[in-house]
Amino acid sequence: MTDTSDGVRVRVPAKINLGLAVGPARSDGFHELATVYQAVSLYDDLHAVPGDDVTVEVDGEGAGSVPTDASNLAVRAALLLAERAGVAEGAHLRVTKRIPVAGGMAGGSADAAAALVACDLLWRTGLARDELADLAAQLGSDVPFSLVGGTAVGTGRGERVSPALARGEYHWVLALADGGLSTPAVYAECDRLREGREVPDPVVPAALMQALRTGDPAALGAALHNDLQPAALSLAPDLQRTLEVGQGERALGALVSGSGPTVAFLVPDNEAALDLSVALSASGTCRDVLRVTAPVGGARVVEQVVHR
Ligand code: C5P
């Protein structure tokens with residue numbers, strides 16, 4: 001029997017950063033960034049149904065370490081939307097996680113973006129897409145990108161996104177680590193490692209943009225760069241062993257994703273992805289291995305039943 005009660009289901013992707021240039025710390029505690037995001041085919045699902053308050057339940061990958069109180073980013077997103085739109089309704093959010101928690105892949109941001117899209121439809125707020133993007137930016141640096149997906153350049157603290165000219169489909173292998181890394185701790189470690197050094201304004205490397213424009217995976221592999229990687233490796237030294245596994249295989253490049261600890265390997269094709277997955281699993285250096293393709297679109301509605 002078909003369920004005809006109201007509900008909106010949204011699917012939202014994880015991201016990796018192909019380039020992440022980190023500038024000096026700003027007076028608001030954030031760092032000025034120049035980054036290139038790419039959305040990959042690893043998704044969280046969020047199902048929103050009407051409720052008296054805004055509540056959340058979480059299942060799936062790492063669900064036990066996701067808070068379900070008012071600090072949950074999806075709850076904060078729904079409450080912010082209700083306030084902005086002057087909505088008196090509530091919603092119950094059911095999140096199914098596949099994106100690793102605290103993995104440097106914007107899992108929390110993805111759920112916030114999904115909550116915005118789902119509750120916007122459930123409550124028929126009538127807000128414009130750029131108003132949702134504005135709320136997204138208030139919720140977190142990566143949330144606006146989770147709305148749009150694809151391949152995009154992020155500036156400011158990462159919240160100002162514009163689509164990048166990018167051609168081709170890319171194959172990635174993701175090595176998931178045991179446990180997570182705290183994003184603020186990784187930025188603080190980055191500052192500590194660079195203490196006393198002049199930190200230039202962040203720029204996206206020209207070679208990276210050129211590789212994307214031409215759709216050249218080998219050139220992209222060579223241009224991958226993450227300024228947070230030394231800090232992530234300093235806090236989680238075992239990641240070095242994970243990175244080294246790619247060297248014996250046909251990986252075109254490898255880097256820590258965002259603030260880590262997930263490691264992303266770019267490979268030429270599906271066969272190379274399978275070979276590297278086997279090598280990574282056999283190495284015992286990671287908790288799990290996933291194969292994904294990119295780019296994919298941002299948060300999208302996969303099911304919508306709204307009466308009235
Ligand atoms: O924006 P978001 O909530 O994802 O940021 C989490 C934390 O990461 C911030 O509180 C800050 O410590 C750090 N961060 C930063 N500079 C950025 C983005 C994040 O220092 N551009």
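Every number for a ligand or one of its atoms is a count from 1 in the order of the listing. Quick note: residue numbers are just sequence positions, from 1.
For atom 4 (O) of ligand 1, the closest non-hydrogen atom of the protein is Ser141 N, 3.9 Å. With hydrogens left out, the protein atom closest to atom 7 (C) of ligand 1 is Pro184 CG, 3.9 Å, a heavy atom. Counting protein heavy atoms only, atom 9 (C) of ligand 1 is closest to Phe30 CE2, 3.7 Å. In terms of protein heavy-atom proximity, atom 13 (C) of ligand 1 is closest to Tyr187 CD1, 3.4 Å.
Among the atoms of Asp142, none of the N or O lies under 3.5 angstrom from an N or O of ligand 1. In terms of polar-atom proximity, defined here as any N/O pair under 3.5 Å, Thr183 makes no such contact with ligand 1.
Partner Arg98 forms a salt bridge (charged side-chain N to carboxylate O under 4.0 Å, His left out) with one of Asp59, Asp288, Asp111, Asp45 and no other, that one being Asp45.
Of all atoms in ligand 1, listed by their number and element, those nearer than 4.0 Å to a heavy atom of Gly140 are 1 (O). Less than 4.0 angstrom separates some heavy atom of His31 from each of these atoms of ligand 1: 15 (C), 16 (N), 17 (C), 20 (O), 21 (N). Taking every heavy atom of Gly29 and a limit of under 4.0 angstrom, the matching atoms of ligand 1 come to 20 (O). Contact atoms of ligand 1 toward Arg157: 1 (O), 17 (C), 18 (C), 21 (N) (distance under 4.0 Å to a heavy atom of the residue). Shown in contact with Leu33 at under 4.0 Å from a heavy atom are these atoms of ligand 1, numbered in order with element: 21 (N).
No side-chain donor from either of Ser141 and Glu159 sits under 3.5 Å from a side-chain acceptor of the other.
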**OP:** Decide side-chain contact (heavy atoms from CB on, under 4.5 Å) for Val263 and Ser257; before the verdict, give the C-alpha distance in whole Å, the side-chain angles of both, and the deciding distance to 0.1 Å.
**Re:** CA-CA 6 Å; Val263 174; Ser257 175; over 6 Å; no
**OP:** Could you please spell out the steps behind the salt bridge (charged side-chain N to carboxylate O under 4.0 Å, His left out) verdict for Arg250 and Asp269?
**Re:** CA-CA 10 Å; Arg250 285 198 294 144; Asp269 51 39; 3.6 Å; yes
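Formation of a donor-acceptor pair under 3.5 Å by the Asp142 side chain with backbone atoms of Ser109 is not found in this model. Between the Glu57 side chain and the Arg94 main chain, no donor and acceptor come within less than 3.5 Å of each other. Trp123 contributes a side-chain N or O that, together with a main-chain N or O of Gly90, makes up a donor-acceptor pair within less than 3.5 Å. Looking at Asp130, its side chain never comes within 3.5 Å of a backbone N or O of Ala133 through a donor-acceptor pair.
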